[in-house]
Amino acid sequence: MNSIITRFAPSPTGNLHIGGVRTALINYVVTENAKNKFPNSKFYLRIEDTDLKRSKNEFKNSILNGLNWLNINFDDEPYLQSKKIKRHQEIAFKLLENNKAFKCICSEESLENKRKKNLENKINDKKLCKTCENDEKIQNSKEGFVIRIKIPNKGETLIKDIIQGDVTVKNDEIDNFILLRKDGSPTYMLSVVVDDHDLGINLIIRGDDHLNNAFRQNFIYTNMNWLLPKYAHLPLIHGNDGKKLSKRHGAIDINDFKEKGYLEESIINNLILLGWSPDQKNEIIELKEIINKLELKKISKSSSIFNFDKLNFFNNYYINNDNNYDRFYNYCKNNLTLKKFLETDEKKLNRIFNFNKKELNYFKNLEDICIPYFDDDFLTNHSNLLDSNFDNLVSEFVSILIDINIWDKELISEKIKTFINNKKVKFVLFGKPLRLLLINSENGPSINDILYILGKKNSIQRIKNYISKK
Ligand code: GLU
């Protein structure tokens with residue numbers, strides 16, 4: 001093998017799911033790593049759009065945009081499976097010609113009845129059609145048939161999977177599945193193998209929900225005398241309740257993560273640690289390093305839990321890792337609420353971002369945080385903390401603020417300290433109610449930061465409004 005050829009083969013029947021992203025990511029990483037040794041290695045994207053009813057262009061775009069956003073780059077243009085239907089049909093007929101497949105006219109209903117009866121009588125028989133294969137008239141018919149593959153009943157099939165290890169299935173457990181439907185359309189089982197063969201895919205990395213299919217697909221390869229690919233079936237991702245990750249657990253479409261304001265690195269860092277860990281103390285790992293370090297065979301074969309708290313931890317880290325205001329700025333341009341704030345007062349928004357980012361899980365959190373700062377009609381809510389002691393203090397404090405000529409953070413901080421020392425009150429006894437007065441929240445940045453964000457005019461106005469309402 002002097003190149004590694006991989007692919008990500010999503011069906012555009014839904015938005016790009018976080019589990020799909022992980023499959024794509026691992027294909028990409030493994031191929032990028034292989035390129036160091038075998039520069040001709042390739043990672044392809046194949047859109048499996050043969051289900052014309054369920055496939056939609058918007059889903060195809062969601063897949064392309066998601067991969068693009070995460071910098072999971074594929075080689076060449078995306079391949080469209082629907083363009084290869086003639087080739088799939090050709091192979092079905094070749095298998096028929098070579099006596100590796102047969103025509104079957106059994107109705108779905110009659111097969112279903114057999115299935116039910118077998119179940120009742122506890123008979124395990126996967127090859128439901130036994131008669132058509134030996135009926136000359138059916139085999140000579142020109143239409144009205146499906147093409148089924150021939151699978152022996154004896155023996156067993158072994159898949160050597162890089163992640164799952166050696167897995168064996170008895171051939172009598174494998175059904176003689178359909179290759180070509182009555183209307184001439186190829187099934188997934190056929191199309192995927194023909195396309196993988198034609199693209200030269202020699203390493204298939206996909207979810208382990210396809211492991212069963214590998215045993216079936218194996219027969220198309222061997223019956224066509226095609227070289228088998230290597231397999232690595234990834235365990236699926238579960239939610240924290242141990243069930244397959246779904247909408248119930250939170251965001252699962254990559255677009256939702258983007259809309260919430262997660263950074264690419266956080267998604268990638270979080271996904272790559274599901275079932276794998278780099279040999280290092282720190283869990284922070286970026287794409288370049290992942291490409292150097294990931295080994296398929298070290299990925300665990302048991303399913304792993306997608307942890308949203310962990311994702312938030314990574315995102316908080318990456319938001320704070322460097323300045324990142326540009327990325328926040330770009331995020332705001334695409335977020336209706338933040339865009340308004342950006343257009344009203346970018347400087348203020350920038351300050352809010354900087355003074356709150358230590359606590360941020362994702363950019364969207366700032367929508368709510370910003371509201372009190374941008375509220376022109378801001379009114380302080382009633383609270384027991386705002387008592388007469390505080391009222392006396394704040395009435396004096398406002399004149400100190402009025403005297404500050406340059407609205408500088410350090411200076412504001414200094415003035416507060418001096419005021420508190422002079423008045424001999426504990427900082428919290430003044431700071432906590434003042435924070436409430438200014439933004440209606442007990443949490444948030446320090447008082448001097450809040451005053452700095454609001455600006456001189458606005459801060460004084462809020463305090464005066466408060467006093468006048470007493
Ligand atoms: N199109 C299939 C899916 O979206 C994947 C096929 C494969 O990886 O073999 O589930």
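Counting convention: from 1, in listed order, for ligands and their atoms alike. Quick note: numbers below take in every heavy atom, side chains included, and nothing from hydrogens, waters or symmetry partners. Starting from 1, each residue takes its place in the sequence as its number.
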- [ ] Could you check Gln217 against Tyr188 for side-chain hydrogen bond (donor to acceptor under 3.5 Å, both in side chains), going step by step and ending with a plain yes or no?
- [x] CA-CA 10 Å; Gln217 291 162 1; Tyr188 151 76; 3.3 Å; yes
Task: Contact (N/O only, under 3.5 Å) between Ala9 and ligand 1 - done: yes
Open item on the list: I'd like to know if the side chain of Asn440 and the backbone of Leu379 have a donor-acceptor N/O pair within less than 3.5 Å.
Closed with: yes
TODO: Mark yes or no for whether Asp172, through its side chain, and Asp125, through its backbone, hold a donor-acceptor pair below 3.5 Å.
DONE: no
Task: Any Phe8 heavy atom less than 4.0 Å from ligand 1 - done: no
TODO: Return the residue, atom name and 0.1 Å-rounded distance of the protein heavy atom closest to atom 10 (O) of ligand 1.
DONE: His210 NE2, 3.0 Å
- [ ] Take Lys117 and Glu120 through the test salt bridge (charged side-chain N to carboxylate O under 4.0 Å, His left out) and record every step on the way to the result.
- [x] CA-CA 5 Å; Lys117 259 195 199 136; Glu120 275 165 24; over 6 Å; no
- [ ] Below 4.0 angstrom from a heavy atom of Ser11, which ligand 1 atoms are there? Numbered from 1 as shown, please.
- [x] 1 (N), 2 (C), 3 (C), 4 (O)
TODO: Return the orientation label for the His197 and Trp226 ring planes: parallel under 30°, perpendicular over 60°, tilted otherwise.
DONE: parallel
Open item on the list: Just to be sure I read this right, does ligand 1 sit under 4.0 Å from the backbone of Arg7, its side chain, both, or neither, counting only heavy atoms?
Closed with: side chain
TODO: Around atom 9 (O) of ligand 1, find the nearest protein heavy atom and jot down its residue, atom name and distance.
DONE: Arg206 NH1, 2.6 Å
Task: Matching residue for Arg46 among Asp198, Asp196, Asp75, Asp76 - test: salt bridge (charged side-chain N to carboxylate O under 4.0 Å, His left out) - done: Asp196
Open item on the list: So if I count the atoms of ligand 1 from 1 in the order they appear, which ones are less than 4.0 Å from some heavy atom of Glu48?
Closed with: 1 (N), 2 (C), 5 (C), 6 (C)
Task: Under 4.0 Å to a heavy atom of Val192 - the qualifying atoms of ligand 1, by number - done: 9 (O)
